[in-house]
Number of protein chains: 2
Amino acid sequence: MSKPGQQVISRLRQMILSGELESGQRLAEIPTAEQLGVSRTPVRIAFRNLEQEGLLTKLSGRGYMVRQVTQAEISGSIEVRGVLEGLAARQAAENTLSRSQTAELLHLLKQGDELFAKGHITEQDLAIYHDMNQRFHQVIIEASLNPAIAEALSRNEHLPFASVSALAFDRNNLAQEYRRFNFAHMQHHAVFDAISHGQGSRAEAIMREHANATHGYAKIFSQMEESGEKMHVLNNVNATM
Amino acid sequence: MSKPGQQVISRLRQMILSGELESGQRLAEIPTAEQLGVSRTPVRIAFRNLEQEGLLTKLSGRGYMVRQVTQAEISGSIEVRGVLEGLAARQAAENTLSRSQTAELLHLLKQGDELFAKGHITEQDLAIYHDMNQRFHQVIIEASLNPAIAEALSRNEHLPFASVSALAFDRNNLAQEYRRFNFAHMQHHAVFDAISHGQGSRAEAIMREHANATHGYAKIFSQMEESGEKMHVLNNVNATM
DNA sequence: TTTGTCTATATTGGATCCAATGAATAAAAA
DNA sequence: TTTTTATTCATTGGATCCAATATAGACAAA
C-alpha cells in the first residue's frame, strides 16, 4: 500500500481530518499537485475518491472544496453509526464469537479497566483508550460476519467527529472526561456480556445507546468553535483504506 | 450530468447491474476504453469509482473484475438496509412529514392500491410497482432529514438484489408474487400510518421488517442460479449518482 | 453609477506518451 | 521430464499535452 498514488490519497485525507486543510477551503488540482510533488493525474484520482468518501464536495467547474460538516450532520452520522454497530453486535451475538475474538475482547476490556482503576485519567491514557476503543469496535464488526456493515460504515468513518477513529476530549476538564469514558467503557463490558451470552437484542440495544456516548464529542466540538482550541482531537487515520 | 466522463461510469454500472458484464469477469482498461469509444483516462477514473461503490474489485496489478456477490453478502446487505431505513422511518416520524411529502406518500399508496385491487398482477404492473416502491422509500429517507442515511445506503444501493432499485420476481408464478408484493404494500401503509402519527419506534420496527420482504428476492436469485433464467429482474439504475 | 456583454485567463477533462511492474512463456539445465 | 530462470509482452500508473469551459475582470453603454 505504499504506492505513490495511494499515498496522495492518504496524505490528503490526513490533511483534511487533522484540520490542516480548513473546512470549506477550495482545493485546485495544480497547486495541490505541486505541493505534494506529483503530477495532476494522481491528484485528480484522489479528489474523486475523496469526494466519494464524502470528505470533498465538488464545486461546479471550479474544483473541489473541503466538505463543510454541520453539527446536524454529525448527529445524523452518529445515529447511523449506532444502528449499524448495533446490528453488528446483534449478529455477533447470534453467530457466537470465535475463541480468539473472545480472548482479544477480554484483553481489551482489561486494558481499559487498568486505565480507569487509578481513579483519574491523563492525556496519554486517553490515547491508549482511543486505540483500545477503536479495536474493540472493529472486532465486533468483524464478528458480525456481515461485510456490508463495514462498507456502510466506511462513509461515516471518514467524517471527522462522527467516527470511532476520532476521539475528542476537553483537556481542561479531565475529571469530567474520566467519568464520561469510564461510563463508555462500562458499556463495553455490557456489550461483551450480552454478546457472549448470545443475547442479540440486548447487545444491539446497548451498542446503539453506546454510540450516543460520542454525542458528547459533538457538543465539545461546538464549544471549540466558540471558545477556540479549548479541546483536543485524537485521530487515527487508517491509511490502508 | 450528461458529461462524457459521467456517462462512462453510468454505462459501466448499468452493464454490471444488468448482467451484461458477468460476475467475476475481468475488466481491462484498454479493451473497455475501445468498446466505449473513449480514451483510457475516463475509464481509469470510472474503475476506481466503481471499486469504491463496491461493484468492482481490484485484482493485484491486473486490473479489475466484476465483484462476485455471494448469497450471504446479499442477506447481510438486506439486514443493513433494514436498520438504515428503519432509522429513516423513525426520524421521519420524529420530524413529522411536510405537507408535500404526506401528499406524495398518499398518492404512491393509492397508486399501489389500484394495482392490487384487481386481485391479480401482471409484469407491467410490477414495473409500475417497482417505480412506486422506489420512490416511496426515497421520500421517507429524505423525510428523515439525515443525509448520513442516504450516504450509508449508497454502497448497498449499488449491490444487485440488495437494493430497492432492483426488483426480482418469478415470471411463472405471478399468483404467488401477487401475495408477496401485496403484503409488502400493506407494510407501506403501516409505515405511513406510524410515521404520520409520530410513532417512531413502530415505524422503525415495521420498516426494518419490511426489508425482509426483499429476502424473497434473494431466494429467487439462488433458484435462478440452478434452474436458469426462470425469473426476471427489473433494475432502475440511478444515473445521476 | 450600474449593468450587461465580451474577452482573457484560470482550471478542469480527455487523450496520448513514457516508464515501471508483473505475468506468462520459452528455453535451458538438472 | 521437470524445474528454474530469463526474456518478452501485456497492462497499469504517472506525466504532459491539448481542448473545452466557466469565471472573473474590464470596458462600454444606458
Side-chain angles (χ1 to χ4, degrees), chain A residues 1-16 20-68 237-241, chain B residues 1-16 20-68 237-241:
Chain A
M1 295 298 154
S2 56
K3 290 271 182 63
Q6 287 299 315
Q7 283 191 343
V8 172
I9 298 181
S10 298
R11 182 85 188 88
L12 284 173
R13 188 184 291 136
Q14 210 172 19
M15 288 169 77
I16 294 168
E20 193 174 338
L21 294 173
E22 281 175 34
S23 176
Q25 182 175 340
R26 173 158 172 255
L27 236 50
E29 289 178 6
I30 297 175
T32 309
E34 281 173 3
Q35 192 185 344
L36 298 181
V38 293
S39 86
R40 277 179 53 216
T41 310
V43 174
R44 276 165 67 182
I45 289 173
F47 279 5
R48 282 177 179 74
N49 276 3
L50 294 173
E51 186 197 6
Q52 261 191 326
E53 278 182 17
L55 287 179
L56 295 181
T57 54
K58 192 186 178 76
L59 339 159
S60 64
R62 290 256 118 173
Y64 293 82
M65 66 177 250
V66 180
R67 175 172 176 185
Q68 308 253 29
V237 180
N238 191 343
T240 64
M241 285 192 63
Chain B
M1 294 299 153
S2 57
K3 289 271 181 62
Q6 288 299 315
Q7 283 192 342
V8 171
I9 298 182
S10 298
R11 182 83 189 92
L12 284 173
R13 190 185 290 137
Q14 210 173 18
M15 289 168 78
I16 294 169
E20 192 173 338
L21 294 173
E22 279 175 36
S23 176
Q25 182 176 340
R26 173 158 171 255
L27 235 50
E29 289 178 7
I30 297 175
T32 309
E34 282 173 3
Q35 191 185 345
L36 298 180
V38 293
S39 85
R40 278 178 53 215
T41 310
V43 173
R44 276 164 66 180
I45 290 174
F47 279 5
R48 282 177 180 74
N49 276 5
L50 294 171
E51 185 197 7
Q52 260 190 328
E53 278 182 18
L55 287 178
L56 296 180
T57 54
K58 194 187 177 74
L59 339 158
S60 63
R62 291 259 117 174
Y64 293 82
M65 66 178 250
V66 180
R67 175 172 173 183
Q68 310 253 29
V237 180
N238 190 343
T240 66
M241 286 191 65

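For the numbers below, each heavy atom of this structure counts, side chains included, while hydrogens, waters and symmetry mates do not. Per chain, numbering begins at 1; letters A, B, ... match sequence-line order. In this text, all values refer to a predicted model and were calculated from it rather than measured experimentally.
Rounded to whole Å, atom P of D:dG13 lies 10 Å from atom CD of B:Glu51. Here the C1' atom of nucleotide D:dG14 and the CD atom of B:Glu29 are 12 Å apart, to the nearest Å. If you take CD of A:Gln6 and P of D:dT12, they are 16 Å apart, rounded to a whole angstrom. If you measure from atom CD1 of B:Ile30 to atom C1' of C:dA15, you get 13 Å, rounded to the nearest angstrom. Residue A:Gln7 contributes atom CD, which lies 15 Å from atom P of D:dG13 at whole-angstrom precision. Atoms CD1 (B:Ile45) and P (C:dT16) sit 15 Å apart, rounded to a whole Å. Atoms CZ (A:Phe47) and P (D:dG14) sit 15 Å apart, rounded to a whole Å. Rounding to whole angstrom units, OH of residue A:Tyr64 and P of D:dA22 are separated by 15 Å.
Which of D:dA22, D:dT16, D:dT12 sits closest to the side chain of A:Arg62 comes down to D:dA22.
Between A:Arg48 and C:dG13 there is a side-chain N or O to OP1 or OP2 distance below 4.0 Å. Considering only side-chain N and O atoms, B:Lys58 lies under 4.0 angstrom from the phosphate OP1 or OP2 of D:dG13. The side chain of A:Ser39 contributes no N or O atom lying less than 4.0 Å from OP1 or OP2 of D:dG14.
Looking at B:Gln52 and B:Arg48, their side chains never come closer than 4.5 Å, going by heavy atoms from C-beta outward. Taking the side chain as every heavy atom from C-beta outward, A:Leu55 and A:Arg67 never approach each other to under 4.5 Å.
On a pure distance criterion of 3.5 Å, a polar donor-acceptor pair joins the side chain of A:Arg40 and the base of C:dG13. Taking only distance into account, the side chain of A:Arg44 never meets the base of D:dG14 through a donor-acceptor pair shorter than 3.5 Å.
Under the 3.5 Å distance criterion, the side-chain polar atoms of A:Arg26 are matched with a main-chain donor or acceptor of A:Arg62.
Salt-bridge annotation for B:Glu29 and B:Arg40: present, with a side-chain N of the basic residue lying under 4.0 Å from a carboxylate O of the acidic one.
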